[in-house]
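These notes concern the structure reproduced below.
Whatever order the structure lists ligands and atoms in, that order sets their numbers, starting from 1.
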Amino acid sequence: MIKLDYRYVLDAITQKDIDSSKERAMAAFDMLMNKTGKGNQYLGWVDLPIESTTKEIEQIIEAANKIRKESDVLVVIGIGGSYLGAKAALDMLKSYYHNDFEVIFVGNTLSSTFTQETLEYLKNRDFSVNVISKSGTTTEPAIAFRLLKELLEEKYGSEAKNRIYITTDPVTGVLRKQVETEGYTSFTVPANVGGRYSVLTAVGLLPIACSGIDIKEIMAGAKDAAIHYQKASFENNDAIIYALLRNLLYDDGKLVEVFVSYEPKLDFLSEWLKQLFAESEGKDHKGLYPSALIYTTSLHSVGQYIQDGSRVMFETVLNVINPEKDIIIKADKENLDGLNYLSDKSLNYVNQQSMYGTIMAHVAGGVPNILLNIDKISPYNFGYLVYFFMFTCGISGYILGVNPFDQEGVEAYKRNMFALLGKEGYEDLREKLKGK
Ligand code: PA5
């Protein structure tokens, strides 16, 4: 479960500001629920956890079990919303060191060194491939698939196609066509669910299930979150209040939201959050810039700037209350390191005090803090959290006045890249770019 604590923003935004903006937030909530806002053809994720069937989940688990049986490694090919959610789940829910099945992510970069080293690494391993692309046309995963397919065919001959799993649009796109011609096992990204809102579909669930995480628990958490946030009144609805706070802080001149955690396992959840909010809200020359830091690590690097630099940011702290593991710091007879003041205290207690100390220092320095308390790290809470953030993001984007469900801006670099690479249809642009 997740609980919002916004007492550390009240120096900047008062309860009166919040109450008097309630109508603005509720209008955005209504737009989302009644599907009357921009991008309403992409709201399939809103009810997805409530409507998803046991059969769909069982099919994913069955494929995951087959992959685990036949392979030592699953190679996930995808970029943006087609990989960030699964990677966030794996990093959050798996052990730092001891994991019985390896999942690696490729096709999210054009680095030739990374790609070549991955191909070499896979040569001596049994692996299966999950290609995830809703459009099927994204260059980075398409190139990675071509290279991985060649390696699979070299290793497994005609059996290669039994190791290829495609997750794509139910009807259109080149990957769907390949499923039909080659007979690959396939899963669908529902047409009404955009990439960065797709972690609770096969896009996220198949790689997550392959790594042995209980995806039924994830869906149970997401379902409880959906039921709660869709029904709860403003006063009891942390998603609506958080969406409003973000916008009030933005109106007050804050341009950057820094997602902070004191648990490194949440590092990639922050990457997923950065994409979710940046691609949803960074439009029409508006929107908070999402950034992320792991404390206390970054307090010894970027911390100076947060405390004393330009006053453009607020922090959203993802606080895990109960760690999976803890350590008691014992007394030492000599006390040569001077740490005996911590005797019999747990490391998590020290981490928590560092968090409260930092929050108070940053708030005093003019950086408002929003605290999101998460009782513990679990598959259920992962599902609950991702739904909370997607629901917040939809409402927040509507409060801001943008379409949170498109990403036109992403096309600009692609057009130039295609022109520079000589792709058919981009001849005029290539001429225009010459000499620049
Ligand atoms: O959120 C989004 O829609 C994007 O980040 C996409 O997920 C990303 O561009 C990958 O697209 P595709 O799945 O079509 O390859």
Side-chain angles (χ1 to χ4, degrees), residues 38-46 48 75-89 105-110 115 129-149 164-179 184 186-208 268-283 287 290 292 386-387 389-394 396-397 402-418 423:
K38 287 182 196 161
N40 55 5
Q41 68 274 38
Y42 294 114
L43 291 178
W45 59 271
V46 174
L48 187 136
V75 183
V76 177
I77 301 177
I79 195 165
S82 288
Y83 94 103
L84 285 161
K87 174 93 173 102
F105 294 86
V106 305
N108 52 61
T109 165
L110 291 169
T115 309
V129 164
N130 181 199
V131 190
I132 309 172
S133 177
K134 188 178 180 192
S135 62
T137 53
T138 310
T139 314
E140 293 88 339
I143 293 174
F145 183 33
R146 184 179 276 208
L147 298 170
L148 262 301
K149 198 170 142 197
I164 296 172
Y165 297 78
I166 307 283
T167 308
T168 191
D169 185 273
V171 187
T172 61
V174 292
L175 280 177
R176 183 53 59 194
K177 228 180 259 159
Q178 289 185 57
V179 168
Y184 300 140
S186 77
F187 292 90
T188 56
V189 193
N192 60 0
V193 178
R196 58 194 174 277
Y197 294 84
S198 69
V199 57
L200 299 170
T201 71
V203 169
L205 296 180
L206 181 58
I208 296 172
F268 229 86
L269 182 72
S270 297
E271 287 303 308
W272 176 80
L273 284 170
K274 276 157 64 176
Q275 189 215 2
L276 178 69
F277 284 106
E279 224 170 64
S280 299
E281 294 192 313
K283 287 158 198 174
V386 293
Y387 190 89
F389 280 116
M390 292 191 296
F391 202 73
T392 294
C393 188
S396 183
V402 299
N403 176 355
F405 308 111
D406 67 359
Q407 55 282 327
E408 291 300 307
V410 181
E411 296 308 313
Y413 98 91
K414 290 188 193 169
R415 279 193 294 272
N416 285 351
M417 178 176 77
F418 292 148
K423 190 173 176 178

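- Here the closest heavy-atom approach between residue Ala88 and residue Phe268 is recorded as CB-O, 3.6 Å.
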Give me the pairs of N or O atoms, one from ligand 1 and one from the protein, that sit under 3.5 Å apart.
residue	atom	partner	partner atom	Å
ligand 1	1 (O)	Arg196	N	2.9
ligand 1	1 (O)	Arg196	NH1	3.2
ligand 1	1 (O)	Gln275	NE2	3.2
ligand 1	1 (O)	Glu279	OE1	2.9
ligand 1	3 (O)	Gly195	N	3.4
ligand 1	5 (O)	Gly81	N	3.3
ligand 1	5 (O)	Gln275	NE2	2.5
ligand 1	5 (O)	Glu279	OE1	2.9
ligand 1	7 (O)	Gly81	N	3.0
ligand 1	13 (O)	Ser82	OG	2.7
ligand 1	13 (O)	Lys134	N	2.8
ligand 1	14 (O)	Lys134	N	3.4
ligand 1	14 (O)	Ser135	N	2.8
ligand 1	14 (O)	Ser135	OG	2.6
ligand 1	14 (O)	Thr138	OG1	3.4
ligand 1	15 (O)	Ser133	OG	2.6
ligand 1	15 (O)	Thr138	OG1	2.5

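- Applying the side chain to side chain contact (heavy atoms under 4.5 Å, CB included) criterion to Asp169, with sequence neighbours excluded, gives Lys134, Val171, Thr172, Ala191.
- Remark: Lys177 NZ is loosely packed, at most 12 non-hydrogen atoms of other residues, nucleotides or ligands lying under 6.0 Å away.
- Between the side chains of Ser186 and Arg176, at least one donor-acceptor pair of N or O atoms lies under 3.5 Å.
- Residues passing the ring pair (Phe, Tyr, Trp, His ring centres under 6.0 Å) test with Phe389, sequence neighbours excluded: none.
- Screening residues 193-203 for salt bridge (Lys or Arg N to Asp or Glu O under 4.0 Å) gives Arg196-Glu279 as the qualifying pairs, with residues at least two apart or on separate chains.
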